[in-house]
Amino acid sequence: MTTARTWPLVLRLGAAQTLAWGSTYYLPAMLAKPMAQGMGVPEFHVWAAFSAAMLLSAALGPFAGRAIDRWGGRPVLVGTSLLLAAGLAALSLAQGTIGLALAWLLIGVAMGGGLYEAAFATLVRLQGTGARASITGITLIAGFASTVSWPLSAWLEADFGWRGACLGWAGLHLLLGLPLNASIPRAGAAVAPSRLAQAEPSSASGESTPTPPPYTAWVLAYVFASTWFVSTAMASHLPQLLVASGATLAGAVAIGALVGPAQVAGRLLEFGFLRRLHPLLAARAATLGHPLGVACWMLLGPVAGPVFAVLHGAGNGILTIAKGTLPLVYFGPHGYGQRQGLIMAPSRVAQAFAPLMFGACIERWGANALWISSALGLSALACLLWLRTGPRR
């Protein structure tokens, strides 16, 4: 698939991913409190149901990836659009804890086969080893998911209530997400099998490409889990941390708003200059973003908050791309979907527990809890330094 023919697919998948992330991962931030008040349950129940959905998505990810390896991404992503619409509609009808939990579990099934991992596997199934630029393009578009979804959820909740907001998101999946995912080319039609066969087995010298060491998948799984834990923890608690370190609430909100644009800037950097480098080198540099930001914050205080937000956001943006490209570089396109689901499963578990665990750290140590997240980032860097670039696929 040539570059000229790739961008329409990237736009469609990117828009569908923006909708999928905005109506799942970013939904509780705006609707958890009114949802709990409307049903007369503790807000903790909403977050617990959301965490259960994340855990279920981690368990189902490898199966969704295997299905994409076999049949392509179109049927899987079409199915997740329908499941997301059904889950959000069920959520709008929930009357108590049981209905809330069942609706979120249905959404969790859809998340297992409808977020980044499935989109990356779809691209690899269609484009083989040439999918890196397309993966970057999708993350560039979907990087605005929170920017779009939070105001939209707030507006829908203000005008139609939280039940109306959930129904609105369900309708968007049927009217927008479903047609976008249904327009994905069928697997096998976009990339000839001979291309994969030529790209995969040999290096530039004509010799067979060495199999990566057996610990490579475990190292990548740890790196992605630790960095996603940090990313989710910051998304949940960054304003609270800034206030604890002496910033005003308005200043904390303004600094937090820099993270999203910084993520997009990091992805643009990866799409431009860093694309010339091996993805492992870009990932190593990205893991330094959060620890360097923490060092500036701790040394200079709240005045360095914007520097922290930019470094953390840029590093997180590049690492999102690395989650799709590093497994492709080391293992190739064959079996990518299932392998990606297995590698990313610990990340989903880390995401599920990050808000609660890091919140407990903040309650005990305040802003000093950042040393823990910084240590996780440095441990991820140490693991990446253990790996070698090897021949580029």
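Sequence positions, counted from 1, serve as the residue numbers for this chain.
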- [ ] Evaluate side-chain contact (heavy atoms from CB on, under 4.5 Å) for Leu220 paired with Leu387, printing each intermediate quantity in order.
- [x] CA-CA 9 Å; Leu220 293 179; Leu387 298 179; 3.9 Å; yes
TODO: List the steps, then state whether side-chain contact (heavy atoms from CB on, under 4.5 Å) holds for Thr216 with Phe331.
DONE: CA-CA 9 Å; Thr216 302; Phe331 302 103; 4.0 Å; yes
- [ ] Take Ser149 and Tyr26, measure what side-chain contact (heavy atoms from CB on, under 4.5 Å) needs, and give me the verdict at the end.
- [x] CA-CA 7 Å; Ser149 65; Tyr26 294 110; 3.6 Å; yes
Open item on the list: Pair Thr97, His45 - check side chain to side chain donor-acceptor pair (under 3.5 Å), show working.
Closed with: CA-CA 7 Å; Thr97 300; His45 287 191; 3.1 Å; yes
Task: Full working for side-chain contact (heavy atoms from CB on, under 4.5 Å) between Leu328 and Gln340 - done: CA-CA 9 Å; Leu328 178 61; Gln340 182 76 344; over 6 Å; no
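Atom CG of residue Leu269 and atom CD1 of residue Ile321 lie 9.0 Å apart, to the nearest 0.5 angstrom. Atom CG of residue Leu13 and atom CG of residue Asn181 lie 6.5 Å apart, to the nearest 0.5 angstrom. Interatomic distance, CD1 of Ile107 versus CG of Leu27, reported as 7.0 Å (0.5 Å rounding). Atoms OG and CG, from Ser81 and Leu175 in turn, are 11.5 Å apart once rounded to the nearest 0.5 Å. Expressed to the nearest 0.5 Å, how far CZ of Phe224 lies from CD of Gln351 amounts to 13.0 Å. Separating the CG atom in Leu381 from the CH2 atom in Trp386 is a distance of 14.5 Å, to the nearest 0.5 Å.
Minimum heavy-atom separation, Gly113 to Ala118: O-CB, 3.3 Å. Contact between Pro346 and Ala221 at its shortest, heavy atoms only, is CG-CB, 4.3 Å. For Leu180 against Ala16, the heavy-atom pair with the smallest separation is CD1-N, 3.9 Å. When all heavy atoms are compared, the tightest approach of Thr80 to Leu77 is OG1-O, 2.7 Å. Minimum heavy-atom separation, Met35 to Cys166: CE-SG, 4.3 Å. Of all non-hydrogen atoms in Asp69 and Gly337, the two that sit nearest each other are OD1-N, 2.7 Å.
Between Gln17 and Ile141, the closest side-chain pair of non-hydrogen atoms is not below 4.5 Å. Annotation: side chain of Phe63 is not in contact with side chain of Gln338 (no heavy-atom distance under 4.5 Å). With contacts defined as side-chain heavy-atom distances shorter than 4.5 Å, the pair Pro333/Arg125 does not qualify. Taking 4.5 Å as the limit, some side-chain heavy atom of Leu55 sits within range of a side-chain heavy atom of Phe353. No side-chain heavy atom of Leu268 sits less than 4.5 Å from a side-chain heavy atom of Thr136. Arg163 is listed as a side-chain neighbour of Met39, based on a closest heavy-atom distance under 4.5 Å. Leu140 has its side chain out of reach of Val10: every pair of non-hydrogen atoms, C-beta onward, lies at least 4.5 Å apart. Residues Thr122 and Arg74 are not in side-chain contact: their nearest non-hydrogen atoms beyond the backbone lie 4.5 Å or more apart.
Within the 3.5 Å criterion, the main-chain N or O of Ala352 finds a donor-acceptor partner in the side chain of Ser51. Checking side-chain atoms of Thr232 against main-chain N and O of Phe229 turns up no donor-acceptor pair under 3.5 Å. In this structure, the side chain of Tyr222 does not engage the main chain of Ser379 through any donor-acceptor pair within 3.5 Å.
Placement of Met234 and Leu319 in two distinct hydrophobic clusters is found when ILVMFWY residues are connected by side-chain heavy-atom separations under 4.5 Å, directly or transitively. Side-chain heavy atoms closer than 4.5 Å link hydrophobic residues (I, L, V, M, F, W, Y) into clusters, and following such links, possibly through other members, connects Trp155 to Leu19. Linking Ile, Leu, Val, Met, Phe, Trp and Tyr whenever their side-chain heavy atoms come within less than 4.5 Å puts Leu115 and Ile184 in one cluster. Leu100 is not connected to Leu56 by any chain of hydrophobic side-chain contacts under 4.5 Å among Ile, Leu, Val, Met, Phe, Trp and Tyr, and they are in different clusters. Connection of Leu93 to Trp104 is not established within any shared hydrophobic cluster, with ILVMFWY side chains joined at heavy-atom distances below 4.5 Å, either directly or through further cluster members.
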What pairs of donor and acceptor atoms, side-chain ones from residues 367-378 against any protein atom, are under 3.5 angstrom apart with sequence neighbours left out?
| residue | atom | partner | partner atom | Å |
| --- | --- | --- | --- | --- |
| Ser373 | OG | His290 | NE2 | 2.7 |
| Ser373 | OG | Leu370 | O | 2.9 |

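Within 6.0 Å of atom CG in Leu299, more than 12 heavy atoms from other residues, nucleotides or ligands are found, so the atom counts as buried in its surroundings. Remark: Phe44 CZ is loosely packed, at most 12 non-hydrogen atoms of other residues, nucleotides or ligands lying under 6.0 Å away.
Classified by interplanar angle (parallel below 30°, tilted 30° to 60°, perpendicular above 60°), the ring pair Tyr25/Phe50 is tilted. Between Tyr116 and Trp21, the ring-plane angle classifies as tilted under the 30° and 60° cut-offs.
At a cut-off of 3.5 Å, with distance as the only test, a side-chain donor of Ser153 or Trp169 sits close to an acceptor on the other residue. With no hydrogens or angles considered, a side-chain donor-acceptor pair links Gln263 and Asn316 at under 3.5 Å. For Arg267 and Thr320, the side-chain atoms include at least one donor-acceptor pair closer than 3.5 Å.
Judged as a salt bridge (Lys or Arg N to Asp or Glu O under 4.0 Å), the pairs with a partner in residues 96-119 (not counting sequence neighbours) are, in order, Glu117-Arg348.
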